[in-house]
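Worksheet: the structure to be examined is printed underneath.
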2 protein chains.
Amino acid sequence: MRGQLTAKGKATRRRIVEGAAEVLRERGVASATLDDIMVRTSASKSQLFHYFPDGKEELLLAVAQFEADRVLEDQQPYLSRLDSWEAWEQWRDVVIKRYEAQGDECPLGSLFFQVGRSTPGARAIVVELMRRWQENLAAGIRSLQASGRLPDGLDVDARAAALLAAIQGGVSILLSTGRSTHLRAALDLGIADLRRAGETGP
Amino acid sequence: MRGQLTAKGKATRRRIVEGAAEVLRERGVASATLDDIMVRTSASKSQLFHYFPDGKEELLLAVAQFEADRVLEDQQPYLSRLDSWEAWEQWRDVVIKRYEAQGDECPLGSLFFQVGRSTPGARAIVVELMRRWQENLAAGIRSLQASGRLPDGLDVDARAAALLAAIQGGVSILLSTGRSTHLRAALDLGIADLRRAGETGP
DNA sequence: ACTACAGTGGACCGCACAGTCCATTACCAC
DNA sequence: GTGGTAATGGACTGTGCGGTCCACTGTAGT
């Protein structure tokens, strides 16, 4: 388990991570056990510890990384091409759709609360995700500036940060209440606000 | 434990809840044990089960309620008197200060993830908290309308929802990254956006 | 084909921790 | 002060679950 992984080994490892992710989403991190994961992935306990020598925590971390990667993947290609207002609207729709479908499961959130505090690993994964997400938003705003749809004077980073916060908040409220009203309101008002900034003085 | 609680009994119960809240904040819900709570509150195990017959879950729920109540209390009296722009700014400062002080501990969040799914109790607490919070924000916006600082046409609920989402998102990012940049940006832009709505055409 | 190591199976261990039980003490009512 | 119920102490139990061990099997390289 230090680099020497055959093709078969890699496949098994992947199978475990993906299966574990499913189990965690269904059962929740708190109540999911290694045995659950063994059953789901048809793996033996030795396999689990073979591929994740540090045990459950290492496995959870791997799942967290897996889930984090999925988040931005799901928003492609919209997120990386926010160069028109239509693109922003489409992206908005995708985000809302994705999180409405996800409902009250928050793989990353629960993972974070479980492993999070104390271990730097989980935090690093989330921080990196947020950074990349915000960077994409900022790039989108800048491309609107480049095409003259938004004035140059805009504080791009603050706007991107606020938008990211709007999403996170909307999602976390969706998570606890089951309703996507807040996510919609926050995104709509956030984008509208941005748009208004472009309409003042052509 | 069905109503019949002496003054002494009530005091003990309170002591347990408050002590448990401390322990949960420090150790995190995941790793806090009943023994930790026993030590902290100088209570015996029988006391714990005397006051919370359903065991750990009931205790966690009581703590969740306790923490939820604190959230809005901490923002008083500003939150309930949002009738001038100065009041909004002051409230903003209080919120930021409170959550910066809290740092990376999220009592309610972790409680929610631990008990949350599966039990309706925790969800109800959070839903109610959100409802009251948003209601306060909406009342603030309406009072600004009443004094003519904001136009009547405003979609008050959507504005309040967006603001609430902004806070939640800012806080959850503060929680994972340790930086309050997003909370500040989201609140500032949210309030600025609101304010701008009042400046268009007197 | 042999050899070395990755991959796999599954029995086994230990203990942390929620929850139970009963005995004892403090408190209130009358 | 006496009966009844609340409050408390603390030993005890049971087990769920993470983690270990060793033995067996498949497979790639020479």
Side-chain angles (χ1 to χ4, degrees), chain A residues 1-21 23-24 26-64 110-111 114-116 118-119 121-122, chain B residues 1-20 23-24 26-64 110-111 114-115 118-119 121-122:
Chain A
M1 265 313 298
R2 274 292 165 266
Q4 61 278 41
L5 274 189
T6 57
K8 194 182 182 188
K10 276 197 217 177
T12 305
R13 204 194 122 106
R14 274 193 54 156
R15 200 183 77 228
I16 292 175
V17 170
E18 288 171 12
V23 172
L24 293 180
E26 289 168 17
R27 296 257 208 291
V29 188
S31 64
T33 74
L34 288 188
D35 292 273
D36 292 335
I37 297 172
M38 284 169 57
V39 171
R40 171 66 59 97
T41 62
S42 308
S44 68
K45 197 157 264 187
S46 358
Q47 282 176 292
L48 260 43
F49 281 85
H50 184 194
Y51 294 105
F52 307 94
D54 283 346
K56 196 180 191 184
E57 187 164 317
E58 191 180 349
L59 175 55
L60 289 184
L61 229 54
V63 174
S110 35
L111 244 6
Q114 181 79 5
V115 189
S118 72
T119 71
Chain B
M1 263 314 299
R2 273 291 167 265
Q4 60 279 43
L5 272 192
T6 329
K8 193 182 179 187
K10 276 196 216 176
T12 305
R13 204 193 120 106
R14 273 192 53 156
R15 199 183 77 230
I16 292 175
V17 171
E18 289 172 10
V23 173
L24 293 180
E26 291 168 15
R27 295 258 209 291
V29 188
S31 63
T33 75
L34 289 188
D35 292 272
D36 292 335
I37 296 173
M38 285 169 56
V39 171
R40 172 66 59 97
T41 62
S42 309
S44 68
K45 196 157 263 186
S46 357
Q47 283 176 293
L48 258 43
F49 281 85
H50 184 208
Y51 293 105
F52 307 93
D54 282 348
K56 195 179 189 182
E57 186 164 317
E58 191 181 349
L59 175 55
L60 289 184
L61 230 53
V63 173
S110 35
L111 245 4
Q114 181 78 7
V115 189
S118 73
T119 72

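All chains are named by letter (A, B, ...) in the order of the sequence lines, taking the proteins before the strands, and each is independently numbered beginning at 1.
For the salt bridge (charged side-chain N to carboxylate O under 4.0 Å, His left out) test, no residue two or more places apart in sequence or in another chain qualifies with A:R15. In terms of the side chain to side chain donor-acceptor pair (under 3.5 Å) criterion, A:E57 has no residue partners (sequence neighbours excluded). Applying the side chain to side chain contact (heavy atoms under 4.5 Å, CB included) rule to A:S44 yields the partners A:S46, A:Q47; only residues at least two apart in sequence or on another chain are considered. Scored by the side chain to side chain contact (heavy atoms under 4.5 Å, CB included) test, A:L60 finds A:L24, A:V29, A:K56, A:L111, A:Q114, A:V115 as partners (sequence neighbours excluded). Remark: A:S42 pairs with no residue by the side chain to side chain donor-acceptor pair (under 3.5 Å) rule, at least two apart or across chains. Qualifying side chain to side chain donor-acceptor pair (under 3.5 Å) partners for B:S31, counting only residues two or more places apart in sequence or in other chains: none. The salt bridge (charged side-chain N to carboxylate O under 4.0 Å, His left out) test applied to B:K45 returns B:D35, not counting sequence neighbours.
Rounding to whole angstrom units, NE2 of residue A:H50 and P of D:dT20 are separated by 14 Å. Rounded to a whole Å, the CE atom of A:M38 is 11 Å from the C1' atom of C:dT8. Per the geometry, CG belonging to A:D36 stands 10 Å off C1' belonging to D:dC17, to the nearest Å. The CZ-C1' distance, from B:F52 to D:dA7, rounds to 14 Å in whole Å.
One finds no side-chain N or O of A:S44 lying less than 4.0 angstrom from the OP1 or OP2 phosphate oxygen of C:dT8. Residue B:Q47 places at least one side-chain N or O closer than 4.0 Å to OP1 or OP2 of D:dT8. For D:dT8, one of the phosphate oxygens OP1 or OP2 lies less than 4.0 angstrom from a side-chain nitrogen or oxygen of B:Y51. Side-chain N/O atoms of A:Q4 include one lying less than 4.0 angstrom from OP1 or OP2 on C:dA6.
Atom CG of A:L5 is separated from atom NE2 of A:H50 by 7.0 Å, given to the nearest 0.5 angstrom.
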Between the protein and nucleotides 15-18 of chain C, list every N/O to N/O distance that falls short of 3.5 Å.
{"residue": "C:dA18", "atom": "OP1", "partner": "B:K56", "partner atom": "NZ", "Å": "3.0"}
{"residue": "C:dA18", "atom": "OP2", "partner": "B:L34", "partner atom": "N", "Å": "3.0"}
{"residue": "C:dA18", "atom": "N7", "partner": "B:K45", "partner atom": "NZ", "Å": "3.2"}

Worksheet item: How does protein contact run along nucleotides 22-27 of chain C, one letter per nucleotide 5' to 3', with B for base contact, S for sugar-phosphate only, - for none, heavy atoms under 4.0 Å?
Response: ----SS
